[in-house]
Protein chains: 2
Amino acid sequence: MRKPTIQDVARRAGVGVGTVSRVLNNHAAVKGATRELVLQAIADLDYTPNPHARRIAGGKSYTISVLLPVVTTEFYVRLLDGLESAFQEARYDVAIFPLLDRSRLERYLGSHTLAYQADGLVMVTYNLTQLFNERRLRNQQPTVLVDAYAEGVDCAFMDNVTGGRLAGEYAARLPGELYAIWVETELDQLFTTRVFEERRAGFRAALQGSGRTLRAEFTASFDALAARNVATALLDEAQLPCTVFASADLLAGALLDEARGRGLTPGEDVRVIGFDDQPWAAARGLTTLHQPVEQMGHEAAQLLLSRLGGYRGPARARRFEPHLIVRDTA
Amino acid sequence: MRKPTIQDVARRAGVGVGTVSRVLNNHAAVKGATRELVLQAIADLDYTPNPHARRIAGGKSYTISVLLPVVTTEFYVRLLDGLESAFQEARYDVAIFPLLDRSRLERYLGSHTLAYQADGLVMVTYNLTQLFNERRLRNQQPTVLVDAYAEGVDCAFMDNVTGGRLAGEYAARLPGELYAIWVETELDQLFTTRVFEERRAGFRAALQGSGRTLRAEFTASFDALAARNVATALLDEAQLPCTVFASADLLAGALLDEARGRGLTPGEDVRVIGFDDQPWAAARGLTTLHQPVEQMGHEAAQLLLSRLGGYRGPARARRFEPHLIVRDTA
DNA sequence: TTGTAAGCGTTATCAC
DNA sequence: GTGATAACGCTTACAA
């Protein structure tokens, strides 16, 4: 059985296709009774408009493309949740185009694939706008950047500098030596995220402001194994009691494990401040920075929706601030 | 500047739109010289066909929808990699529709969103076909199931029973007591995956076959915290030396941490067999089961592509077998 | 081998 | 208010 079309609906309701279209798009000029008639026919036939046809006819397809790095991180799940729920309210669908690696990105940019045929585009973490400029890729459609910032584009991003500063101010008031573990920035120019250097900058600025200094700094890449190794290295050399700012909960968790393995008491021998407030952080009593990620996603969606709704004003930047959650470990 | 259309290309090449379309779709009946002319015009104009228009005109949109659970697991990244690379070879785009929770799923099923307007559909992990039947959702388009199995649909799935069996056969030959940690199955009927019970079934069958029995069994949900807790509980009560089958590397990793914290030597006091072969498993010397996930994704894509290519035969099921990688921990 | 024209399912622009 | 009808960008007969 063929999918019902707008023609079928019109025929069944005994009206013209134009009227059906008006009902579909909430064009006020439809009489109440007629509207009911059409709605009934739509229900009877279980009709849904074809988004491709809508799009091609110059209307909206009610689809948003999200260019998303595929990384196994809670962060993106939460972000997606925020984006999705906001778009859903506005009856938009969200399609994700995975950015698995650089070559995939090139492909998306090189061709004007379906990702660029949606009503709007959400670009996450990676700031591709510079590429759009360089390559003269005419990205006509409304775009919003999330977890990234650029001039002239609507953005919603986390203020990681403030997050780092909050950690630094808190740590500065704690007794004992100060240590920090930073996350290594990736080499690839394009696929670089600046969040970790921002956290670092904020933390150092806070220490400086309070006249304290780090006894030593450590660096690790963002994976479980590196986290374990750096935890071991740090505790091998640390002078207790001490306070450690682990610039990601992944790092903090490994440090807690290692400390426990050595019979040390977190919050006394080793104070630990994480960053992210992962789902397990509360249960382990980790003092850490919570980021309003869902809100950021929600707001990003609103920015884009306002553009789709006709907003033509200047680019807006929405900054979100992490806040410190003090628990047992520091 | 407007996006160039097929009309523009035709005009520039001095041919009809039909000819351009033929070139675009590799319809053999185009003279070499004409083809070159068209190709040149396409290049000059930087033209790319509009997938919406293609789709609506009854052709292909060259887009595949993937219904994917959004879980922060390496497994899905690898799977996506396999799917994407295969589809890319065939010049198809992949759009992901995230299944964040049950309500999202309902929505996708209830309306005929863009997800169902692609050339083909890949459904991952969750077997939704039964829903399609129950609700009389006419899913006309070619579909393939990955990491799931159902009658009458092309499937590519991992043989977790065999994986469990391999672990069991290996463990049965090891000295000392035998323990196992299982992963709790979620309650939601729909969002249930059977992989963990399959691993369990295979393992138990192997033990039974060799006349050995488990000294005790433990259960944990699939998260870092639960993994730590169950590791503690197990080592509190375990009689050493022993062998533990942790039915997911997440569990095995936590056990290794806990063992080390207690000064135990993995591979001697506590032998550990994991399941998944996570990226860090090799570095930690974890004996575990490796799953050919990328291959599974690749094959799933091939199954779907063959349907798109006109294959009308019966449904095919492709089974993939994990294999044991023996390293230091067991 | 190639051009022309009729769809495909919508929206938007007209008249009425 | 509402019904025709012309786009939209493409594929695919059908002619030539």
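Residue numbers start from 1 in every chain, and the chains themselves are labelled A, B, ... in the order their sequence lines are given, proteins ahead of strands. This structure is a prediction, so every number in the text was calculated from the model and none was measured.
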Chain A footprint on DNA chain D, 5' to 3' - any atom under 4.0 Å from a heavy atom: D:dG1 to D:dG9
B:Thr34 vs A:His27, nearer the 5' end of DNA chain C by closest nucleotide: B:Thr34
Within residues 11-21 of chain B, residues whose heavy atoms come under 4.0 Å of DNA chain D: B:Gly18, B:Ser21
Test side chain to side chain contact (heavy atoms under 4.5 Å, CB included) applied to B:Thr34 and B:Thr19, step by step: CA-CA 8 Å; B:Thr34 322; B:Thr19 304; 4.0 Å; yes
With distance as the sole test, does [X] use its side chain to make a donor-acceptor pair with the main-chain N or O of [Y] at under 3.5 Å?
X	Y	value
A:Asp159	A:Glu321	no
B:Lys60	B:Leu308	yes
B:Asn25	B:Ser21	yes

First-last contacting nucleotides on DNA chain C - partner chain B, under 4.0 angstrom, heavy atom: C:dT1 to C:dG9
Plane angle bin for B:Tyr149 and B:Phe157 - parallel if under 30°, tilted between 30 and 60°, otherwise perpendicular: perpendicular
Donor-acceptor pair between A:Thr63 and A:Asp93 side chains, under 3.5 angstrom: no
Donor-acceptor side-chain pairing of B:Thr143 and B:Arg307 below 3.5 angstrom: no
Earlier contact from the 5' end, DNA chain D, for A:Lys31 and A:Ala57: A:Lys31
CD-CG distance between B:Glu74 and B:Leu79, expressed to the nearest 0.5 angstrom: 12.0 Å
Considering all heavy atoms, the nearest A:Ala118-A:Arg55 contact: O-NH2, 3.2 Å
A:Arg12 charged N/C atom sitting above A:Tyr47 aromatic ring, 6.0 Å / 45°: no
